[in-house]
Amino acid sequence: MIKFVNTGSPSVIGAFEEREILYAFHDIDGTHSLIRDWPPVMSIVLHYVSENGVPDGYDSDEQVKTLVSLAGTKPLPETDSFCIESAGLSALTQMEWAIRRAIDAGHISVPCNKDENRRKIEMIRKGEEIFENPDSEELSAFLTIHTPRLFKFYEKVLNGFCRDKNLELAKKDPDRFIVSGSKEFLELLYKNGVKNYFVTGAVVEKGMGMHEEVETLGFEIGNGKIVEDLIGSTWTDKIPKDQIMEKLLQTLGADGKNVIVIGDGRSEISAGVKMGALCVSRLEKNDTYRRALHKKLGSNIVLESYLEEDFLALIRFSK
């Protein structure tokens, strides 16, 4: 059995009471896996769409090659900052944001309420994904067609930029693509009776994509394994992480106070705070913007490596 105790360690950024942990909900990219260097890819794809719309052939193989060559080559202030703010959101929501930006800028012509569209752009930037006020039929139909198409385009650019190359390297040297102390921490939880669940905004298909990456890094998935299950999105259905995590909590019949949520995105941390879980932000030491953001969101602990003494000092064991 594992308990977390607030010792006043420098890693504690939000007060919490002593609690026993039975379940752990983990984000993957940037939290445990370094295979996907996704921000520069997401940024160039969203920039391309917000500045050009979705003209005929926007997702052609030739355009994939062009964006692969451009990713990370120069600062893109708006989309770079959006990627930081939207980490953890459904990829379909991120695609939706770019399409709405293109509509707002006049690069896409779709009948809609422009003020409402602009309001939803800002809502997405604040981490919201589900909206009460409906869009026009024309805009709803446009998003239904183009968000999954754009999502697949983004994945192709990601594969060409880093994913495929890094996956092959990870097959030979997995430790190179694992966050420091990640494997040891998951094993520590597992050996002390905590059930680990991976939750992602990426599409999950057995033996492919994220599923393949997780297993390549040495994390076995399945009932009784180090990772009980890997739960994610689909190509067509926008499933916010808070909904995935809330459904998982209900399925387990668990109390949020017995859950630890680990991630680097605002969505999983916000969802963890909402369910009353102990929240751990895995962020680089020099990532001052997101460290301040996560503290504001209500995260309890921040770390760069799971081997940090300040973090490990919070853990207690009992039979």
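Paired with Ile301 under the rule side-chain contact (heavy atoms from CB on, under 4.5 Å), one option of Asp310, Ile260, Ile262, Leu278 passes, and it is Leu278. Checked against Met95 for a side-chain contact (heavy atoms from CB on, under 4.5 Å), the options Met42, Arg149, His146 give a single hit: Met42. Each of Gln94, Arg125, Lys126 was compared with Ser86 under the side chain to side chain donor-acceptor pair (under 3.5 Å) criterion, and only Gln94 meets it.
In this structure, Phe198 has its ring center closer than 6.0 angstrom to the ring center of Phe219. Aromatic pair Phe185/His32: centroids not less than 6.0 angstrom apart.
Remark: the His294 side chain and the Ser281 side chain contain an N/O donor-acceptor pair separated by less than 3.5 Å. At a cut-off of 3.5 Å, with distance as the only test, no side-chain donor of Glu213 or Ser33 sits close to an acceptor on the other residue. Under 3.5 Å, the side chains of Thr7 and Ser9 contain no donor-acceptor pair of N or O atoms.
Here Glu85 does not pair with Arg266 in a salt bridge; the nearest charged N to carboxylate O distance is not below 4.0 Å. A salt bridge does not link Glu20 with Arg316: every distance from a Lys NZ or Arg NE/NH1/NH2 to an Asp or Glu carboxylate oxygen is 4.0 Å or more. Salt-bridge formation is not detected for the pair Lys152/Asp59: no Lys NZ or Arg NE/NH1/NH2 atom is positioned less than 4.0 Å from an Asp or Glu carboxylate oxygen. Salt bridge status for Asp173 with Arg176: absent, with no side-chain N to carboxylate O gap under 4.0 Å. Ion pair Asp264/Arg290 flagged as a salt bridge, since at least one NZ, NE, NH1 or NH2 atom sits closer than 4.0 Å to an Asp/Glu carboxylate oxygen. Ion pairing between a basic and an acidic side chain is recognised when a charged N comes within 4.0 Å of a carboxylate O; Arg282 and Glu268 show no such pairing. Between Glu96 and Arg100 there is a salt bridge, since at least one side-chain N of the basic residue sits less than 4.0 Å from a carboxylate O of the acidic one. A salt bridge is absent between Arg163 and Glu168: the closest approach of a Lys/Arg side-chain nitrogen to an acidic carboxylate oxygen does not fall below 4.0 angstrom. Using a cut-off of 4.0 Å between Lys/Arg side-chain N and Asp/Glu carboxylate O, Glu78 and Arg101 are scored as salt-bridged. We find that Glu304 and Arg291 are not joined by a salt bridge, their nearest charged nitrogen and carboxylate oxygen being 4.0 Å or further apart. Salt bridge present: Glu116 and Lys120 bring a charged side-chain N and a carboxylate O closer than 4.0 Å.
In this structure, Leu283 CG and Asp287 CG are separated by 5.5 Å, a value rounded to the nearest 0.5 Å. Note that CG of Asn6 and CD of Glu18 are 10.5 Å apart. Values are rounded to the nearest 0.5 Å. Separation of atoms CG (Leu167) and CZ (Phe177) is listed at 9.0 Å; rounding is to 0.5 Å. Taking CE of Met123 as the start and CG of Asn133 as the end, the distance is 8.0 Å to the nearest 0.5 Å.
Side-chain contact check for Pro240 versus Ile130: some heavy-atom pair is nearer than 4.5 Å. The side-chain heavy atoms of Cys112 and Phe142, taken from C-beta on, include no pair separated by under 4.5 Å. Looking only at side-chain heavy atoms (C-beta outward), Asn113 and Ser136 stay at 4.5 Å or farther from each other. A heavy-atom distance below 4.5 Å is found between the side chains of Phe131 and Ile124. Side chains of Val64 and Phe161 form no contact here, defined as non-hydrogen atoms less than 4.5 Å apart.
Nearest heavy-atom pair across Leu188 and Asn192 is O-ND2, 2.8 Å. Contact record, Ala105 with Ser50: CB-O, 4.4 Å, taken as the closest heavy-atom pair. For the residue pair Leu34 and Val179, the shortest heavy atom distance occurs at CD2-CG2, 3.8 Å. Nearest heavy-atom pair, Ala15 versus Asn300, reported as atom, atom and distance to 0.1 Å: O-ND2, 3.3 Å. Closest approach of Ile44 to Ala71, counting heavy atoms only: CG2-CB, 3.9 Å. Shortest non-hydrogen contact noted between Leu89 and Gly127 is CD2-O, 3.7 Å.
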Item to check | side chain to side chain contact (heavy atoms under 4.5 Å, CB included) between Leu189 and His26, intermediate numbers included | outcome: CA-CA 12 Å; Leu189 294 174; His26 306 258; 3.9 Å; yes
Checklist entry - Is there a salt bridge (Lys or Arg N to Asp or Glu O under 4.0 Å) between Glu212 and Lys171 once you walk through the steps? => result CA-CA 10 Å; Glu212 182 184 17; Lys171 289 176 181 178; 3.7 Å; yes
Checklist entry - Would Glu128 and Arg119 count as a salt bridge (Lys or Arg N to Asp or Glu O under 4.0 Å) if you check the C-alpha gap in whole Å, the side-chain angles of each, and the deciding distance to 0.1 Å? => result CA-CA 11 Å; Glu128 298 184 49; Arg119 189 176 74 87; over 6 Å; no
Checklist entry - Step by step, would you call Val280 with Val302 a side chain to side chain contact (heavy atoms under 4.5 Å, CB included)? => result CA-CA 6 Å; Val280 177; Val302 65; over 6 Å; no
Next on the checklist: One pair to check against side chain to side chain contact (heavy atoms under 4.5 Å, CB included): Ser11 and Leu303. What are the steps and the verdict?
Outcome noted: CA-CA 6 Å; Ser11 63; Leu303 55 84; 5.5 Å; no
Checklist entry - side chain to side chain contact (heavy atoms under 4.5 Å, CB included) between Leu46 and Tyr154: does it pass, once the steps are laid out? => result CA-CA 9 Å; Leu46 300 188; Tyr154 157 74; over 6 Å; no
Checklist entry - Which is it for Ser140 and Asp135 under the side-chain hydrogen bond (donor to acceptor under 3.5 Å, both in side chains) test, yes or no, and what are the steps along the way? => result CA-CA 6 Å; Ser140 293; Asp135 290 306; 4.6 Å; no
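Classified by interplanar angle (parallel below 30°, tilted 30° to 60°, perpendicular above 60°), the ring pair Phe153/Tyr48 is tilted.
For Lys183, the NZ atom is densely surrounded, since the number of other residues' heavy atoms within 6.0 Å is greater than 12.
No chain of hydrophobic side-chain contacts below 4.5 Å, direct or via other Ile, Leu, Val, Met, Phe, Trp or Tyr residues, connects Ile21 to Val261. Grouping the Ile, Leu, Val, Met, Phe, Trp and Tyr side chains by contacts below 4.5 angstrom, directly or via other members, places Val49 with Leu143. Follow the hydrophobic side-chain contacts under 4.5 Å out from Val5 and you never reach Phe317; the two are in separate clusters. A single hydrophobic cluster is not seen to contain both Val199 and Ile178; linkage of ILVMFWY side chains at heavy-atom distances under 4.5 Å, directly or through other members, places them apart.
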Please set out all donor-acceptor pairs under 3.5 angstrom arising from side-chain atoms of residues 221-228, sequence neighbours excluded.
residue	atom	partner	partner atom	Å
Glu228	OE2	Gly224	N	2.9

